[in-house]
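A short write-up of the structure that comes next.
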Amino acid sequence: MEPEAGTNRTAVAEFTLLGLVETEEMQSVVFVLFLFAYLVTVGGNLSILAAILVEPKLHTPMCFFLGNVSVLDVGCITVTVPAMLSHLLSHRPTISYGACLTQLFFFHLLAGMDCFLLTAMAYDRFLAICRPLTYSIHMSQTVQRMLVAVSWTCAFTNALTHTIALTTLNFCGPKEVNHFYQLSCSSTQLNELLLFALGFLMVGAPVVLIIASYIHVAAAVLQIRSAEGRKKAFSTCGSHLTVVFLFCGTGIFNYMRLGSEEASEKDKGVGVFNTVINPMLNPLIYSLRNTDVQGALWRILVGRWSLT
């Protein structure tokens, strides 16, 4: 579907992406770096997923959510990086209107799912540390699946709303996209309102719930008398908190800049960090702080794992 042309306006059927660098030499460097990042991200996250599937010790609610996050990370980077690598190879940095809508839909879908799953993982830590006696009841397999299903529903609704709202706009030029530019010829007030209203629900609400969960967790851990016990309890939360800080911090920064007409190199760097570096770091963060994950990954690498 192409955007309709307004009166005396020519509809834009494709957009030109100005990219991160201008010279061909630097484009080659960027291609190698992003290809490496993509391969590491896909390999790392699929390794985490394989470790969770084959290691019985990792058949826990927290690892169930972690496995879902790994799938999402592969999806998030696949939505953007392969297309960029193709543009770098072909030296034709353009994207059609339909492809742009599709990319936006899936990025909103997967990023929204990430927010909700990180919230579910915080809820899991709250139950495990603050409500250990009823943990198995409140975090049963049925509850886990319901949390994932609700997350998919909310994320899908958010992504579909933004995509439909975008189809109501007319695009007649300019068609050069530097970073986050307002390219529509028609009013974008409704889109901006939806962006910030739904952004608050999709990011703000999960952040508030995560903070509330960890306030209760911190209070419970501080009541543990032994230093070793406190250290062990906090260590189970460290990886998750690190990922939340990186994901939500960069995401909030990007959203706060969407209304600005100016696109700085710093903004581009944060965008790259949020869409490329974060998914690549997640497997490293989780594997470094979890000895069971490390052991399962090692057995996968040397080909000596078993299902028992």
Side-chain angles (χ1 to χ4, degrees), residues 20 33-34 36-49 51-52 62-81 84 106-126 151 155 158 179-180 199-215 217-218 234-258 264-290 293-294 297:
L20 299 173
L33 291 176
F34 277 82
F36 174 78
Y38 181 73
L39 294 176
V40 169
T41 301
V42 173
N45 280 288
L46 292 183
S47 296
I48 291 287
L49 183 61
I52 292 172
M62 188 66 168
C63 288
F64 171 75
F65 295 127
L66 175 57
N68 280 271
V69 169
S70 294
V71 173
L72 291 176
D73 285 340
V74 172
C76 277
I77 198 170
T78 300
V79 167
T80 55
V81 172
M84 187 193 69
F106 281 105
F107 187 79
H108 273 291
L109 174 66
L110 298 172
M113 267 298 294
D114 240 335
C115 285
F116 287 118
L117 284 181
L118 290 174
T119 307
M121 293 167 80
Y123 177 60
D124 174 82
R125 291 300 84 200
F126 164 76
S151 297
N158 174 68
H179 183 47
F180 290 115
F200 176 78
L201 293 175
M202 297 293 294
V203 180
V207 168
V208 170
L209 292 173
I210 290 171
I211 292 174
S213 296
Y214 275 108
I215 288 175
V217 167
F234 276 127
S235 67
T236 64
C237 307
S239 300
H240 178 248
L241 281 174
T242 303
V243 172
V244 168
F245 176 78
L246 292 174
F247 178 81
C248 294
T250 53
I252 290 173
F253 181 87
N254 273 335
Y255 269 92
M256 291 302 101
R257 295 285 296 173
L258 286 181
S264 67
E265 296 303 316
K266 183 187 296 184
D267 297 333
K268 291 183 182 180
V270 174
V272 169
F273 192 93
N274 195 37
T275 57
V276 179
I277 306 301
N278 269 349
M280 184 173 65
L281 290 178
N282 286 353
L284 182 63
I285 292 171
Y286 282 112
S287 62
L288 281 178
R289 301 186 66 93
N290 192 314
V293 172
Q294 293 176 24
L297 287 174

Compile the donor-acceptor pairs under 3.5 Å between side chains in residues 67-74 and protein atoms, sequence neighbours left out, one pair per line.
residue, atom, partner, partner atom, Å
N68, ND2, F64, O, 2.8
S70, OG, L66, O, 3.1
D73, OD2, N282, ND2, 2.8

Item to complete: Indicate the atoms forming the closest heavy-atom contact of F107 with T80, along with that distance.
Response: CD1-CG2, 4.4 Å
Worksheet item: Once you round to the nearest 0.5 Å, how far does CE of M280 lie from CZ of F36?
Response: 7.0 Å
Practice prompt. To the nearest 0.5 angstrom, please state how far the OG1 atom of T41 sits from the CG atom of L46.
Written response: 10.5 Å
Worksheet item: Out of curiosity, I285 CD1 to L241 CG, how far, rounded to the nearest 0.5 Å?
Response: 11.0 Å
Item to complete: Measure the OH-OG1 distance between Y38 and T78 for me, rounded to the nearest 0.5 Å.
Response: 3.0 Å
Item to complete: Decide side-chain contact (heavy atoms from CB on, under 4.5 Å) for V276 and F34; before the verdict, give the C-alpha distance in whole Å, the side-chain angles of both, and the deciding distance to 0.1 Å.
Response: CA-CA 8 Å; V276 179; F34 277 82; 3.7 Å; yes
Discussion item. With rounding to the nearest 0.5 angstrom, report the CD1 to CD1 distance, I77 to I277.
Written reply: 8.0 Å
Practice prompt. Could you grab the distance from atom SG of C63 to atom CG of D124, nearest 0.5 Å is fine?
Written response: 9.5 Å
Practice prompt. Would you mind listing every side-chain hydrogen bond (donor to acceptor under 3.5 Å, both in side chains) that reaches into residues 204-214, with sequence neighbours excluded?
Written response: Y214-H240
Item to complete: Looking only at non-hydrogen atoms, find the nearest pair between A155 and G112 and report the distance.
Response: CB-C, 4.0 Å
Response to the item:
Tightest non-hydrogen contact, residues C76 and A111, listed as SG-N, 4.0 Å
Item to complete: Work out which heavy atom in P279 is nearest to a heavy atom in N45; give both atom names and the distance.
Response: O-ND2, 3.1 Å
Worksheet item: Residues in ring-ring contact (aromatic ring centres under 6.0 Å, His included) with F126, at least two apart?
Response: H216
